[in-house]
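We name chains A, B, ... by the order of the sequence lines, and we start the count at 1 in each one.
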Amino acid sequence: MKLKCKNLEISDELMNVGKQRSVLVMALATHKLKLSSFSSLFAKLSFSTTSNNNPLYDSSVADNLVSVFTRQPSAAAAIELNRFAPILTPPLVESVLTRLPTWKLALSFFQWASEQHHHGYRHNCYTYNTIASIFSRSRQTAPLRTLVKHLAESAPCSFTPGALGFLIRCLGQVGLAREAHHVFDEMRVKGLCVPNDYCYNCLLEALSKSGEVDLVEARLEEMKGFGWEFDKFTLTPVVQAYCKARRFDQALRIYNEMREKGWVDARVCAMLALSFSKWGDVDKAFELVESMEGHGMRLNEKTFCVLIHGFVKEGRVDRALQLFEKMCRVGFTPPVSLFDVLIGGLCKSNDAQRALSLLSEMKKFGVAPDVGIFTKLISAFPDRSVIAKLLEEVPEEKEEKTLVLIYNAVLTCYVNDGLMDEACRLLQMMVQSKSSDVQMDDFFKDKKLVFPNAASFSIVIDGLLTNGQLDLALSLFNDIKQFVGRPSVLMYNNLINGLCDSNRLEESRELLREMKVLEIEPTHFTYNSIFGCLCKRKDVLGAIDMLKVMRACGHEPWIKNSTLLVKELCDHGRAVEACGFLDSMVKLGFLPDIVSYSAAMGGLIKIQEVDRALNLLRDLSSRGHCPDVVAFNIMMRGLCKVNRVAEAEKLLDEIVVKGLCPSVVSYNLLIDSWCKSGSVDRAMALLSRMSGEDREPNVFTYSTLVDGFCREERPDDALLVWNEMERKGCSPNRVAFMALIYGLCKCNRPTAALQYLREMEHREMKPDSFIYIALLSAFLSDMNLASAFEIFKEMVYSGFFPKSHDKSYPIVMDAIDKFSKDHRTSSGIQVLMEEGKLPTRCLQ
DNA sequence: TTTTTGGGAT
């Protein structure tokens, strides 16, 4: 009998089923897997039973269940599905699970089965393992994690040691080592499983795969305590864990132990060899591979390849070649990538001849060289003599194709060497090769030229673009259309990008129109090149128009572009327009980045619109953003600048309340504010709060405080801060030195200041001119004419002399007057004058 | 990709 119910409404019965969802279903649902809710799936399902109301369990039942869960929800037979429930058994569930095509469907079915406990169905360890291995194979860590968590906590189910091992391996395969570690203990504590040595071995493997070397060691100890014997499968993961942790000696110790017991196999050897190679010890790795041969072991193809790549990377082409020969000897055909890396390595170590000989090797294996290999070979012979040789050896059956490859390689070499003229000339010859009678180059005479393909043009055009030869690139581009056909999107993108970089917006738009005509779909790159150009031009309306286009075809504007527009506008005092632009973005459904909002806030502050900036900060959360510390810092700076320090302080508290961590900058801003307003002691209090919160002060903090103390005429405290800075290993920069020197001068300590100038010079930092002026005036007011003159000379010799409109001009002139009138310095001034170091017109 | 230190200008 076949039952089929169509379009059933969800019945009360079904609603009840819905309410009975098990804890597991709820737990799995927290992963927001967008599975159609099970009840609605029910309502749409159709299914058939084999013969009567009490169907037998046979493979056709499994088939039915599979087809019910696989089929697109169509005609409904929801209630009928319930008839399966009473006959559900773990083997049936297993069999259905393994037949379902996707992990999502398997999960649906598993959930449904979990709900059937009122019919007496319970999962056993094999159904759990089946779904676990499905998740593991499809790398679904989230549901897998939920599954084991549930397994240990709320759905006790006993496991055989073998089953626990299997489960742990599923976890290990997707890196859930911690979970494996945990479930192992849970099962044991709850009495659901008595782990044996196999379980331990599986656990060790999972742990070592995730690099949990400490846990590996702990479990090993535990095993010993329980009296389990170690075997090959115990120690292999231990070697692996030590290798991963770069604990070289320990890895070798275990390896030797294994060797004594005769447990070494190809896998362990390969693992160790790969690690040696990774650590740069190519010879040891090679030695190991050699010793394998003596014991009848051999590497697999993949390991050969990885080792050869690694050897070349370490600059050991010699060993790489030896390994390569071994690989060929055991009968593997090396892939092109291996030839590529070896030829590259040989070229790099100036063994071009040997590289060339590998090409014949390729021929023997029937592996066709690609353009990259040709390029490497040609570059390796600076006289280009190899080109003729390559051309001679072109196999007849693939002549056309191979010739283009070779010529494209030549073009690439020209481009790489910046020989754009040569590249263009060759391309032109290739184009003309059709029309015969072309004057051939030395390299190419005797050889047939070949007509270029799209790649040939692309190589040259890209080269021209990176060389800034935009117009030449454009004219070649037109040739493509004539000779090769439709250009690729990539070529359009590169040209449009080049045009936009040169601010040639109209032409780039023309190319975009052309793409439309040719029905070449532009990409986000295409649109963003043009959008970026409009942003750079501060063309707000144009940018918004472009956004509309992008909205229509579903491409996102790049953050850097919209941020650039906001920044550019703000830099020119147009913060209000910037805000308008951001609003337009929102209206178009693009959420601007927090960075662009921060830039806008900064712009508003710049034009004294502090309250507007504050409003924007407040609005951010309603626009779907959580202001970050930088946004708060910008706002704090704005408030400090207009002396609303108390509000800035409140923002600092708000940062903490919001669960963010104030940065050094946040503190620096307040410290600076207090230093500038004569409250250096409050600033110092904040410094101690910083150390309490483990926020290291930086050179900005210390410079600010040094400045603050000097402003309050407390040079000794300034020096204390300075020493504290050096003690903490924070080395002063130019600005810090200048702050101290200038501050000490203001406090009438020119001699101390001069010491720090010397220290600064010793560290190869040059002060700004105002430092000389400060020292000069300080020495003069200290009546120290000799030192004043020394500084004056240094100033003059370093090429600095104030202009007549300069504020420091009268100071310097007054100094010269004093120097001239004093017998100790007058001759020195004379010398400077004779040397022409002093502007003559200033000296009447 | 946004934020912090020196002086001083116009």
Between A/F819 and A/F792, ring centroids under 6.0 Å |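 Close enough - the centres of the two rings lie under 6.0 Å apart.
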Are the aromatic rings of A/Y492 and A/F477 close, with centres under 6.0 Å apart?
->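 Centroid distance A/Y492-A/F477: below 6.0 Å, so yes.
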Is it true that atom CZ of A/R695 has more than 12 heavy atoms of other residues, nucleotides or ligands lying nearer than 6.0 Å?
->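 More than 12 within 6.0 Å, yes.
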Ring geometry between A/Y756 and A/W722 (parallel below 30°, tilted from 30 to 60°, perpendicular above 60°) |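 Perpendicular, since the angle between the ring planes exceeds 60°.
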Which class fits the ring pair A/F525 and A/W558: parallel under 30°, tilted 30 to 60°, perpendicular over 60°?
->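 Perpendicular, since the angle between the ring planes exceeds 60°.
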Nucleotide range of DNA chain B contacted by chain A, 5' to 3', under 4.0 Å to a heavy atom?
->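 Range of nucleotides within reach of chain A: B/dT1 to B/dA9.
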Base, sugar-phosphate, or nothing: which does [X] touch, judged by heavy atoms less than 4.0 Å apart?
| X | value |
| --- | --- |
| A/K746 | nothing |
| A/T563 | nothing |
| A/Y742 | sugar-phosphate |

Among residues 625-642 of chain A, which residues get a heavy atom nearer than 4.0 Å to DNA chain B?
->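 DNA chain B contact set from residues 625-642 of chain A: A/V630, A/N633, A/I634, A/R637.
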Ion pair present between A/R618 and A/E654, side-chain N to carboxylate O less than 4.0 angstrom?
->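 So A/R618 pairs with A/E654 through a salt bridge.
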Go through the structure and list residues passing side chain to side chain donor-acceptor pair (under 3.5 Å) with A/R644, not counting sequence neighbours.
->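 Partners of A/R644 by the side chain to side chain donor-acceptor pair (under 3.5 Å) criterion, ordered by chain and then number, come out as A/D611, A/E647.
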Mind checking the OG-CD1 spacing from A/S598 to A/I634? Nearest 0.5 Å is all I need.
->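 A/S598 OG to A/I634 CD1: 4.5 Å, rounded to 0.5 Å.
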